[in-house]
Amino acid sequence: MAKPDTGGPDSESGLPLLRIRGLGVSFGPVDAISPLDLDVHDGEFLTILGPSGSGKTTLLRAIAGFQPPSAGRIEFDGRDIADLPINRRPFNTVFQDYALFPHMTVRENVGFGLRVRGTARRQMTERVDIALGIVGLEELDSRYPAQLSGGQQQRTALARAMICEPRLILLDEPLAALDATLRRQMQNFLKSVQRQSGITFLFVTHDQSEAITMSDRICVMRTGNIEQIGTPRELYYRPKSRFVAAFFGASNIVEPCRIEESRDDMTVVSTPVGTFSVKGPPPENTSGLALAIRPEAFGSDAETRMNSLEFEVAAVSFVGSETITELRHRNTSLMFTMKSRSDPAARPPETGSFLRVGFDPAECALVTGAES
Amino acid sequence: MTVGAGRSRPGIGDYLLWSVIALFIIVPLGCFLAYGFFSVVDNAIVYRPTVGNFAELLSNPSYRATFLRTIRMAFEVSAINLVLGYATAYFIWLRPPGMRNFLVIALAIPLLMSYIIKIYAMRGVLGTNGLLNSALMALGIVDEPVSALLFNLTAVRITLSVVLLPFMVLPIYIALERIPASVLHAASDLGANELQTFTGIILPLSLPGGIVGAMFTFVLASGDFLAPELVGGIEGFTYGRLIFSQFGLAFNWPLGAALSILLMCVALGVIFVARRLGNPRWQR
Ligand SMILES: Nc1ncnc2c1ncn2[C@@H]1O[C@H](COP(=O)(O)OP(=O)(O)O)[C@@H](O)[C@H]1O
Ligand SMILES: [Mg+2]
């Protein structure tokens with residue numbers, strides 16, 4: 001598994017498939033992407049995650065060659081591709097709006113990449129058949145895009161991008177236009193195609209749950225910068241900034257934090273609501289230091305946990321599978337979620353009562369940066 | 001689309017619009033069609049149905065020749081304009097957005113001008129002392145003015161081509177504009193070079209616009225009588241002038257109506273074919 005840093009030269013044994021250094025894109029005076037570094041490793045599913053306007057599309061367009069960068073280098077397989085025109089870049093794109101050729105059937109769309117390379121007719125038919133088989137569109141091969149559902153257009157676009165067997169496919173929010181059910185199906189489908197084909201996927205989304213379920217690694221972007229790169233677990237449990245913590249639902253922020261004691265594997269911080277131990281070393285830059293705690297990290301078995309605190313119960317709401325308890329102490333308010341139970345013995349606490357809850361050092365993280 | 005589609009009950013507005021359509025379009029057209037079946041005896045119209053006019057226009061070799069020459073001329077104008085119009089639309093489409101809008105407006109402005117003025121302008125261009133002759137002489141291509149540029153069928157061809165060009169450029173340009181940028185990106189992303197993108201994507205997606213333009217050009221050119229009248233001379237005698245002469249000079253309205261009906265049938269046929277070609281299967 002890849003390591004959680006930005007992927008400097010020493011981050012991986014082999015050479016990354018795609019190596020981006022100091023890549024910047026500006027539109028006039030505006031930096032859509034501030035110079036950034038990114039490594040994409042061979043065979044991985046890397047997701048660029050960020051809110052709308054954070055520069056995800058621009059980054060992908062710069063890699064694909066649709067948008068000339070204003071600074072930096074892009075290397076593919078050790079070769080600088082700055083001077084390669086779009087049609088000679090050795091990877092393919094699945095567009096957000098699919099961009100199917102409306103005047104061509106599914107078969108012609110999928111075969112387009114082979115046709116422009118002058119592939120022989122018989123070989124073309126065979127390879128298109130295989131690609132159509134992978135995406136399950138054998139029966140619909142003579143339909144026009146206008147006669148397909150959103151999911152089928154999506155599959156056509158994927159087959160079309162895969163036909164030339166690229167080592168890397170860029171996908172710009174390919175599932176954004178689909179409804180929730182289809183979206184979940186397509187997530188699983190895309191992931192399985194990626195795993196079976198071994199093609200590297202550079203996937204863009206603004207949906208954190210989509211990113212978590214599909215990715216080997218996630219690169220979180222914010223206003224043209226990379227905020228953090230890591231595995232879904234790392235981002236989920238060890239966010240480095242408030243922005244990432246909030247994006248991944250670690251909504252409880254306790255601040256201000258002061259470092260009392262720091263070791264390699266543990267940091268002790270004091271906060272207005274108590275002193276807590278946090279797993280890992282403290283961050284290098286501690287401006288705006290705060291403690292982020294996931295709502296599901298708390299347990300009422302406070303005695304067995306290293307950290308505990310006593311709060312007043314401000315509100316309890318039952319939302320089906322979960323029960324959300326809002327706790328308050330001075331100016332700090334915390335959300336605490338637990339699995340709902342029908343057992344009366346496991347009833348949620350009464351509003352106005354005091355509750356002691358505990359959490360483990362590994363279930364919280366020290367985050368920095370401005371409020372998100 | 002019918003007026004009020006989606007509403008369950010036609011309102012007063014629908015009836016009003018339908019009566020306007022009936023009064024100003026259907027009734028006059030019906031009267032006109034009816035005239036084709038009347039005849040003229042001693043300068044007076046005889047209102048007794050006959051197919052004599054149609055027999056006359058089909059058997060008269062001079063009518064037939066004029067008809068065929070005109071259809072052919074209109075076809076040539078359409079073909080020339082398809083090439084010129086496509087090149088113009090494509091050129092405009094490739095400009096940056098601001099320039100593009102300016103050029104489209106510049107192209108559309110002549111459509112608002114009087115038709116007669118445009119033809120007189122063309123007469124000025126093509127005449128012995130005209131712009132074209134001056135240019136040819138300045139370039140040393142000819143020594144003295146060429147009079148063959150005016151008062152013949154070629155002058156009609158040139159004039160109609162120029163005057164009808166916007167009708168060709170605009171639908172092609174609209175078709176080009178409707179091609180999403182991502183579709184063109186997808187083509188190059190999949191390895192197509194510029195020529196392959198043009199022939200494989202741009203041309204097939206914009207040609208339906210060209211067919212609509214060719215239809216406009218053909219229908220307008222085949223029925224036109226002003227341009228041939230003003231720049232065509234004797235050689236440039238066209239079917240439109242023939243119809244005009246029946247109404248304006250010979251005072252044979254029934255024959256003029258019959259001649260018009262034939263032209264209308266041709267136009268309807270062209271529109272029908274163009275609708276099929278201009279609306280390919282993938283668009284439906
Ligand atoms: N062609 C362009 N011209 C000017 N600004 C642009 C252009 N494309 C994108 N931007 C700006 O760059 C920023 C990033 O946009 P984008 O990459 O589309 O974000 P995302 O895909 O993450 O939603 C936005 O602020 C956007 O307004
Ligand atoms: Mg985007």
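What you see below is based on every heavy atom in this structure, not just the backbone, and it leaves out hydrogens, waters and symmetry mates. Below, read A as the first sequence line, B as the second, and so on, with proteins coming before strands; counting in each chain starts at 1.
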Measuring from [X]:[atom1] to [Y]:[atom2], what's the distance to the nearest 0.5 Å?
X         : Y         : atom1 : atom2 : answer
His185(B) : Gln67(A)  : NE2   : CD    : 9.0 Å
Phe112(A) : Thr197(B) : CZ    : OG1   : 6.0 Å
Arg89(A)  : Ser188(B) : CZ    : OG    : 11.0 Å

Which heavy atom of Ala99(A) sits nearest to which heavy atom of Ala186(B), and what is that distance? O-CB, 3.8 Å
Check the surroundings of atom [atom1] in [X]: do more than 12 heavy atoms from other residues, nucleotides or ligands lie under 6.0 Å from it?
X         : atom1 : answer
Arg95(B)  : CZ    : yes
Phe216(B) : CZ    : no
Met99(B)  : CE    : no
Phe198(B) : CZ    : yes
Arg117(A) : CZ    : yes
Phe102(B) : CZ    : no

Given heavy-atom pairs under 4.5 angstrom as the criterion, report whether the side chain, backbone, both or neither of [X] touches chain B.
X         : answer
Phe91(A)  : backbone
Ile163(A) : neither
Arg160(A) : both

Are Asn193(B) and Val116(A) close enough that some pair of their side-chain heavy atoms sits under 4.5 Å apart? no
Asn87(A) and Glu194(B), any side-chain heavy atoms less than 4.5 Å apart: no
Please flag which part of Ala187(B) lies under 4.5 Å from any non-hydrogen atom of chain A: side chain, backbone, both or neither. both
Counting only heavy atoms closer than 4.5 Å, note whether Leu205(B) contacts chain A via side chain, backbone, both or neither. side chain
Without swapping roles, check the side chain of Asn92(A) against the backbone of Asp189(B) for a donor-acceptor pair under 3.5 Å. yes
Is there a donor-acceptor pair closer than 3.5 Å between any side-chain N or O of His103(A) and the backbone N or O of Gly200(B)? yes
